[in-house]
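Read through the structure below, which is laid out as structure tokens, and then see the notes.
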Amino acid sequence: MRIITGDECGLLKETIPEASRNLNPSERGAVQASANCEGVTRLDGPHQEPQQQTRRRGIVGLAKLPSSIVDDEGDGDDGDNSSPFAFAALRVDGTVETWASRRPVVKRGKPTEFATYHMLGATSNVFANHGSEDNSDEGKQVAGRPIGICSSGGMESSITACVDSMGRLTVLDMAATESDKSVVAQYNAFAGKSKTISYTKGNFANNDIATALAMDADASRIAVSGRERETTLLDVETGDILWKAKNLKPDLQTLLQHPIWTSALDFVSSDGDGMQIQGSTDLLAAGTAYKQFRIYDVRASSGTAQHRRPILCTKEGALSHRVTALCQLDSSVSSGYGYVIGDASGDMHAVDLRSLGKGTVGRYAGPGGSIRKIEKHPTLPILACVSLDRMLRTFDTKKRKMLDCVYLKQRLGSILFCDDPTWSFDGSGDNAVADDGEEEGDINMEDEVEDYVDSEDDVQEMRSGFGDDSDDDGNLTASSEEQDDESSDEEDVFAAPTDHNSKRGRGGSKPGQKKKRR
């Protein structure tokens, strides 16, 4: 596997977890204790300057792009010896960079090589007023900090979207040859036709209101939500509002409105053939800062208040901390209805949409810092997450078992899987992911408990401890002296007097009482 990570210091790194995996069977359980920095390299190209660490250019988010961008640029031609990969990175200063790579195909038995990366172009300050008639405002930094970047998941579309904390949405076409012309359109998710942002309810300042962003697989709809702002669904081409969520009903006892603060969004995808998730449905998953996980029906025809409210929601107490990340599992787990929820305490909970009202179905143990991003491998049953404890962790989705733990030195905020065909989970690829040899099965099945059977060494040790008093079958037997004592005790019992009313004489015993030995 090849994983791209971005941290708060502006560094992009490539990590190969298999290179740092502890292969000692005696220490297989101590995955987190054996974390190291092996198998990690920076994305510094051979013909560009090394990356500088500065928080002003920290990585906010990563988005996958189609490989056709690399082919159009003509980034070398190594035949079948390499495979292209492209992605976009959003920085704190509002710059969007386009990166491309050529991953070498590693043969079995040879050491793994890192890929070669280079930057195709960069668009600075994407939230400025691009294309406005007043050129004096063009290029100036506007109020609001970048929140995130999203794409259609690396399919044929090269459309990406960025949003800042004030709800300003910028749509970019990453296939544009000139970086200045990559900005396609700019909208405001919370202003509407009046072009002005309404007042925020409560004692909150009218800033930092947008907190979550998501795009469907067709790159036609964008969902934006925030603090005291309900989720809004926008059309990518026109910017029109297609659908808007509605808050839950007031509390029956206090008649108070539920607070609104959506912290994570994700379009529910439909499973196609195999393990890879194909298209999006009309369902939208949302995680809130008030420890809730909701499912919305975002069909355009569902304009009534009944469909604008959540159709599914976790029960109270199911989640104990703020939701920070969401990731949908494939059909190999929970038949495609599984979701993984990351929270601010570092826990990763597994839920099933079919039984969402009953609570969580499991937990991924391991993370110790606030989860910032969870990513599912496109073809393998592997899940990766990054958190503020500077660790990159990978898990087996079928067993919820931690596979790797890599220390990356800086606080991480984004992660991206590379579609590397040289890796496989079942041993069919050139670099197969090592399995622990356990049988596959449902994680919710009960364990089979078998009776303990003594080994030959244990039997021999027990024989030596009892003086080799055993029969031919290996069963322990009592010694001759103990057998004589037991037989004499039995005779004394049967020889006791039967007259219970008579007084006991010297040396006598009560009926049914054994005679003491001298």
Side-chain angles (χ1 to χ4, degrees), residues 2-7 10-14 41-52 54 56-78 82-103 114-128 130-131 139 146-164 169-186 213 215 219 222 236 373 375 378 413-420:
R2 300 180 186 273
I3 303 176
I4 307 298
T5 58
D7 54 44
L11 298 180
L12 293 170
K13 299 179 182 180
E14 179 190 22
T41 183
R42 293 186 184 182
L43 270 60
D44 296 332
H47 303 290
Q48 61 186 15
E49 298 180 358
Q51 301 183 57
Q52 297 180 357
T54 172
R56 296 180 180 178
R57 290 180 54 81
I59 302 298
V60 177
L62 301 175
K64 189 181 300 182
L65 300 177
S67 58
S68 59
I69 297 179
V70 183
D71 298 337
D72 295 339
E73 292 291 334
D75 179 31
D77 188 9
D78 298 335
S82 62
S83 55
F85 177 75
F87 66 94
L90 174 63
R91 296 187 178 272
V92 174
D93 58 358
T95 302
V96 176
E97 299 176 351
T98 306
W99 288 77
S101 69
R102 288 286 182 176
R103 302 182 306 276
F114 292 102
T116 302
Y117 294 85
H118 73 283
M119 188 171 61
L120 298 179
T123 304
S124 60
N125 201 357
V126 295
F127 299 108
H130 292 272
I147 294 299
I149 183 173
C150 62
S151 64
S152 59
M155 300 181 69
E156 298 299 330
S157 178
S158 60
I159 298 297
T160 60
C162 307
V163 69
D164 65 353
L169 186 66
T170 301
V171 181
L172 301 95
D173 185 4
M174 307 309 298
T177 57
E178 299 180 6
S179 59
D180 297 339
K181 298 181 180 180
S182 59
V183 177
V184 177
Q186 290 182 319
L213 174 71
M215 179 184 289
I222 301 175
V236 174
K373 187 67 176 179
E375 189 76 11
S414 54
I415 186 174
L416 198 64
F417 267 109
C418 294
D419 297 337
D420 199 340

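Sequence positions, counted from 1, serve as the residue numbers for this chain. Since the structure is predicted, the reported quantities are computational estimates derived from the model, not experimental observations.
- Here the CH2 atom belonging to W99 is positioned 13.5 Å from the CG atom belonging to L416, to the nearest 0.5 angstrom.
- Remark: I147 pairs with R145, V163, S165 by the side chain to side chain contact (heavy atoms under 4.5 Å, CB included) rule, at least two apart or across chains.
- In this structure, R42 contributes its side chain and L11 its backbone to no donor-acceptor pair below 3.5 Å.
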Working for side chain to side chain contact (heavy atoms under 4.5 Å, CB included), residues K13 and D7: CA-CA 9 Å; K13 299 179 182 180; D7 54 44; 4.0 Å; yes

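- Without hydrogens or angle criteria, S101 side chain to A115 main chain gives no donor-acceptor distance under 3.5 Å.
- In this structure, CD1 in I59 is found 14.0 Å from CD1 in I415, a value given to the nearest 0.5 Å.
- With sequence neighbours excluded, the residues that form a side chain to side chain donor-acceptor pair (under 3.5 Å) with E14 are R2, Y117.
- Under a 4.0 Å N-O distance rule, the pair K64/E375 does not qualify as a salt bridge.
- Minimum interatomic distance between L12 and F87 (heavy atoms only, all atoms of both residues): CD1-CE1, 4.3 Å.
- Expressed to the nearest 0.5 Å, how far CG of L65 lies from OG of S152 amounts to 8.5 Å.
- Within the 3.5 Å criterion, the main-chain N or O of V126 finds a donor-acceptor partner in the side chain of Q186.
- Counting all heavy atoms, side chain and backbone alike, F127 lies closest to T170 at CD2-OG1, 3.7 Å.
- What you find for M174 and A88 is that their closest heavy atoms are CE-CB, 4.3 Å.
- Once rounded to the nearest 0.5 Å, the distance linking SG of C418 with CD1 of I4 reads 4.0 Å.
- Minimum interatomic distance between P66 and S157 (heavy atoms only, all atoms of both residues): CD-O, 3.5 Å.
- Between L90 and P146, the closest heavy-atom pair is CD2-CB, 3.9 Å.
- Atoms CE and OG1, from M215 and T160 in turn, are 6.5 Å apart once rounded to the nearest 0.5 Å.
- Between P378 and F417 the shortest heavy-atom distance is CD-CB, 4.0 Å.
- Taking A63 as the reference, I149, S151 meet the side chain to side chain contact (heavy atoms under 4.5 Å, CB included) condition, with sequence neighbours excluded.
- Residues L169 and L213 meet the side-chain proximity criterion, which asks for heavy atoms closer than 4.5 Å.
- When the side chain to side chain donor-acceptor pair (under 3.5 Å) test is applied to T95, the partners found at least two apart in sequence or on another chain are D93.
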